[in-house]
Amino acid sequence: MYDRIKGFRDFYPREMQSRQQVIETVESTARGYGFRPIGTPALEQAKMYADKSGEEILDELYAFEDRGGREVALTPELTPTVARMVVARQQELSKPIKWVSTRPFWRYEEPQQGRFREFYQTNVDIFGTSDPAADAEILAVAGDALSNLGLTGEDFEFHVSHRDILGGLLEGFDADVDTTAAIRAVDKRAKVDRDEYFELLESAGLSDSQAAEFDDLLGTPEADLDDLVAFAGTDRVAAAVANLQAVLAATESFGVREYCTLSLTTARGLDYYTGTVFECFDSTGEVSRAVFGGGRYDDLIEGFGGQPTPAVGFAPGYATLSLLCQRAGVWPEETLQTDYYVLQVGDTQSVAATVARELRERGHVVESDVSGRSFGAQLEYADSINAETVVIVGERDLENGEVTLRDMESGEQTQVAIDEFPGANTRPTVANFEN
RNA sequence: UCCGGGCUGGGGUAGUGGUAUCCUUUGGGCUUGUGGUGCCCAAGACGUGGGUUCAAUUCCCGCGCCCGGACCCA
C-alpha cells in the first residue's frame, strides 16, 4: 500500500458527482454572464511568483528545477497566469476580457479546515474596465452562483470594502505610515486581541491616538460614508468613497445588493488589490475562515509589463464553499444517478445492447450486465447504482416480442412491445406504456 | 516549520503485554424471471520503522497520514 500525499485528496464517484455538480453550477453561472472558459498550465516560472511576492514565497510553493534547468513552480493561484496571458495578447483581445477557469492549485502549506495542499478554485475575472458596473457584475456572479447552489441571504454575506478608502485615510494622518503594514493590521483586526491590533497599527507608524481614531473611522456605517470624505478632505478618499457607493448602487440592479454589507475592516491580505475588495462569509460563523474573496487589482497588468489595464475578479475555492454548502444543507446528495439498467435474462446480450444503445442515443446514462450475473444479482446491482428504470430483456418476453419495464422506485412493471421501445419517447418510463 | 489530538478489515467499532469483537461492506451461493428482508460460504485490520520484553496491536521513541490550531493566506 502506498500512502496518499499529505494535503492531497482522492474523490470517489459519489463525492465527485456532487463536486462536479457544484462546480458546474458556479461555472455555468459565470458563462451565463459571458465569461469564457480558458485553460492554463500547471507550471509557471517560479520567478513569476518570487518577483511579485519575494523569494520567501518559494518556500510555500511546490517549486523545483526541471530537467532543462528551469526554475518552475506548480501554480499556487491563477491571477499571475491570467495577467501574463492578458499581457501576451493585449492587442488582439477585445475588451472587456471576461474569463472563467476551474482547476487545481498547489501550495506547500499545513492542511487545516478548508485548506489543502491541492485545492480547486474557480477564477472569474474581468479585464479592461474600471467601471463600477464591472465590480458589481463580479459581485453578481458570486451572488448568483451561491443562490443557484441553493444558498440564500440567510446563509452568507459579502463584506465589501475599498482599499483606496483605507489607503486614503491612512494618508490623511500626519505620520509616516507604512500603508501595507497598516492594512495588514486591519486584516488581522478580528483575529488578534485589541492590544495586539493597536500595537500593529502603531508599528505601522500611527500614534496611539491616531490608531484609535483610525479604528473608529473603520466603524463608519454605510449611511455616513460621506463623513470619511469630510474627515480626510482629500480627492483620493472622495473618489474612493464615490466609487464604492457607485459599486454598491450598481449591485442593486444586479439583484445582489441585499448580500452586501459595508465592512471597512475587510482588507484582504493580498498586496495587489487597489479598489473594491470583498469577502464572503458564512453567516453563522461555523466556517472559520472567509469562504472566498475578490476585488479590484488595477495595477497588476501594468506591473506585468502590459498597458495599464484595470481588472476585477473573485475566486471561490471549493474547500470552503463545500463547508458552507454542507452547513447550509444544500450540498448535493451523494448518490449515483443512473437512468436505465438493461437487465439480461438468458442469452439476450445482443437485443439488450441495442436497447441500451438507443437509450444512450437519447442522452441517458445506461448500464447493462458485463459480468454474466444472475437475475437477482443484476437487480441488486441496478439498485446499488440507483437506477431509475430497469428494462428487463428476457428470453421469455422476447418470444412475445416484448420487454418488461420496471420502475425501481415504485416497483411497478409493465410489458412493452420491443418495436415500440423506446419509440418516440425521449425518456421512456413505465408510465408511458401503462394502459 | 511549530503546537494539540488521533490512527484496529473498504467504512464504523470492541478489546488486550500472549494476533482481535460486533455491525456494515465486497464477492459467491440458496435463486439465470423479480432485488433492496432472510440464510449459508468466502474475503478483509492492529499506519510504519526502531526500542523495551520470553512475548508488543497494546508500553516508549522517530517517521507517515488524518483532524484541529498557529504562521501564512497570494
Side-chain angles (χ1 to χ4, degrees), chain A residues 1-10 12 14-15 44 48-54 56-61 73-83 105-117 119 121 123 180 184 187-188 191-192 196 267-273 277 279 287-295 297 300 303 313-315 317 319-320 323 341 343-349 352 369 371-387 390-400 402-413 415:
Chain A
M1 281 294 286
Y2 297 102
D3 281 329
R4 192 171 48 188
I5 300 295
K6 181 179 183 172
F8 286 66
R9 291 165 296 164
D10 301 319
Y12 289 84
R14 286 169 212 277
E15 186 184 359
E44 293 279 5
M48 193 161 90
Y49 306 105
D51 288 351
K52 193 186 109 207
S53 314
E56 320 82 62
I57 197 72
L58 296 178
D59 292 339
E60 281 149 57
L61 266 44
L74 283 169
T75 55
E77 57 164 330
L78 192 68
T79 306
T81 297
V82 287
F105 295 96
W106 301 270
R107 294 180 188 173
Y108 197 81
E109 298 182 298
E110 287 311 303
Q112 43 194 274
Q113 191 194 45
R115 179 191 267 187
F116 301 93
R117 288 185 172 180
F119 56 97
Q121 277 189 350
N123 283 258
T180 307
R184 275 228 164 92
D187 197 42
K188 287 203 187 305
K191 289 190 80 171
V192 302
E196 200 178 339
R268 304 278 296 149
L270 198 40
D271 296 337
Y272 55 60
Y273 286 118
V277 288
E279 288 184 332
V287 181
S288 58
R289 60 190 74 242
V291 175
F292 59 79
Y297 49 102
L300 189 68
F314 81 108
T320 45
L323 290 174
Y341 181 86
L343 194 153
Q344 304 170 33
V345 191
D347 184 19
T348 59
Q349 200 271 330
D369 183 52
S371 309
R373 290 211 260 220
S374 70
F375 189 101
Q378 288 187 66
L379 264 188
E380 221 173 288
Y381 178 74
D383 185 52
S384 79
I385 59 172
N386 202 25
V390 167
V391 184
I392 301 168
V393 181
E395 288 172 334
R396 214 158 73 195
D397 287 350
L398 284 181
E399 282 171 22
N400 307 320
E402 290 180 329
V403 293
T404 299
L405 246 61
R406 178 181 173 90
D407 182 292
M408 291 297 276
E409 182 74 37
S410 64
E412 277 181 78
Q413 294 193 173
Q415 312 284 124

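As a basis for the values below, the full set of heavy atoms in this structure was taken, side chains included, without hydrogen atoms, waters or symmetry mates. By convention in this document, chain letters (A, B, ...) are assigned in the order of the sequence lines, proteins followed by strands, and residues within each chain are numbered from 1. Because the structure is a prediction, the values reported are computed rather than measured.
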Nearest 0.5 Å please: distance from the [atom1] atom of [X] over to the [atom2] atom of [Y].
{"X": "Phe292(A)", "Y": "Gln121(A)", "atom1": "CZ", "atom2": "CD", "value": "11.0 Å"}
{"X": "Arg14(A)", "Y": "Asn386(A)", "atom1": "CZ", "atom2": "CG", "value": "8.0 Å"}
{"X": "Leu78(A)", "Y": "Phe105(A)", "atom1": "CG", "atom2": "CZ", "value": "4.5 Å"}
{"X": "Arg406(A)", "Y": "Ile392(A)", "atom1": "CZ", "atom2": "CD1", "value": "6.5 Å"}

Exercise for review: Please name all residues satisfying side-chain contact (heavy atoms from CB on, under 4.5 Å) with Pro80(A), sequence neighbours left out, ordered by chain then number.
Suggested key: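 Partners of Pro80(A) by the side-chain contact (heavy atoms from CB on, under 4.5 Å) criterion, ordered by chain and then number, come out as Met48(A), Tyr49(A), Lys52(A), Glu77(A), Phe304(A).
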Review point. Is there side-chain contact between Asn123(A) and Val82(A), with at least one heavy-atom pair below 4.5 Å?
Key: no
Review point. Do the side chains of Arg117(A) and Trp106(A) get nearer than 4.5 Å, heavy atoms only?
Key: no
From [atom1] of [X] over to [atom2] of [N], roughly how many Å is that when rounded to an integer?
{"X": "Arg14(A)", "N": "rU25(B)", "atom1": "CZ", "atom2": "C1'", "value": "11 Å"}
{"X": "Leu405(A)", "N": "rU34(B)", "atom1": "CG", "atom2": "C1'", "value": "14 Å"}
{"X": "Glu196(A)", "N": "rA70(B)", "atom1": "CD", "atom2": "C1'", "value": "12 Å"}

Practice item. Could you please name the option among rU34(B), rC73(B), rG27(B) that lies closest to any side-chain atom of Thr404(A)? Key: rU34(B)
Interface polar pairs with nucleotides 3-8 of chain B, N/O, under 3.5 angstrom:
none

Check your understanding: Using Watson-Crick pairs (N1 to N3, plus N6-O4 or O6-N4) and G-U wobble pairs, both distances under 3.5 Å, which stems of at least 3 pairs involve RNA chain B?
Key ->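 The stems are B:1-7 with B:64-70, B:10-12 with B:22-24, B:25-30 with B:38-43, B:47-51 with B:59-63.
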Practice item. Would you classify Gln344(A) as touching base, sugar-phosphate or nothing, given that sugar-phosphate means primed atoms plus P, OP1 and OP2, and contacts are heavy atoms under 4.0 Å? Key: nothing
Check your understanding: Reckon Leu343(A) touches a base, only the sugar-phosphate, or nothing at all at heavy-atom distances under 4.0 Å?
Key -> nothing
Review point. What about Gln413(A), does its side chain sit under 3.5 Å from the base of rU34(B) through a donor-acceptor pair?
Key: yes
Check your understanding: If you take atom types as modelled and just measure distance, does the side chain of Arg115(A) reach the base of rC73(B) with a donor-acceptor pair under 3.5 Å?
Key -> yes
Distances for protein N/O vs nucleotides 63-67 of chain B N/O pairs under 3.5 angstrom?
{"from": "rG64(B)", "atom 1": "O2'", "to": "Asp3(A)", "atom 2": "OD2", "distance (Å)": "3.1"}
{"from": "rC66(B)", "atom 1": "OP1", "to": "Gly7(A)", "atom 2": "N", "distance (Å)": "3.0"}

For nucleotides 36-44 of chain B, which of its nitrogen or oxygen atoms have a protein nitrogen or oxygen under 3.5 Å away, and what is each distance?
none

Exercise for review: Under the side chain to side chain contact (heavy atoms under 4.5 Å, CB included) rule, what do Asp369(A) and Tyr381(A) come out as? Steps first, then yes or no, please.
Suggested key: CA-CA 9 Å; Asp369(A) 183 52; Tyr381(A) 178 74; over 6 Å; no
Point to revise | Partners meeting salt bridge (charged side-chain N to carboxylate O under 4.0 Å, His left out) with Asp10(A) (sequence neighbours left out) | key: Arg4(A)
**Study point:** Donor-acceptor pair between Thr79(A) and Tyr272(A) side chains, under 3.5 angstrom
**Key:**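 Their side chains do contain a donor-acceptor pair, which is all the 3.5 Å distance test asks for.
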**Study point:** Between rG17(B) and rA56(B) - C1' atom distance, rounded Å
**Key:** 6 Å
Practice item. Check Gln112(A) against Arg289(A) and note the closest heavy-atom contact, atom names and distance. Key: OE1-NH2, 3.3 Å
Point to revise | Whichever of Asp397(A) and Arg373(A) has its nearest RNA chain B nucleotide further upstream toward 5' | key: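 By nearest-heavy-atom nucleotide position, the 5'-most residue is Arg373(A).
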Review point. Taking only N and O in the side chain of Lys188(A), is any of them less than 4.0 Å away from OP1 or OP2 of rC72(B)?
Key: yes
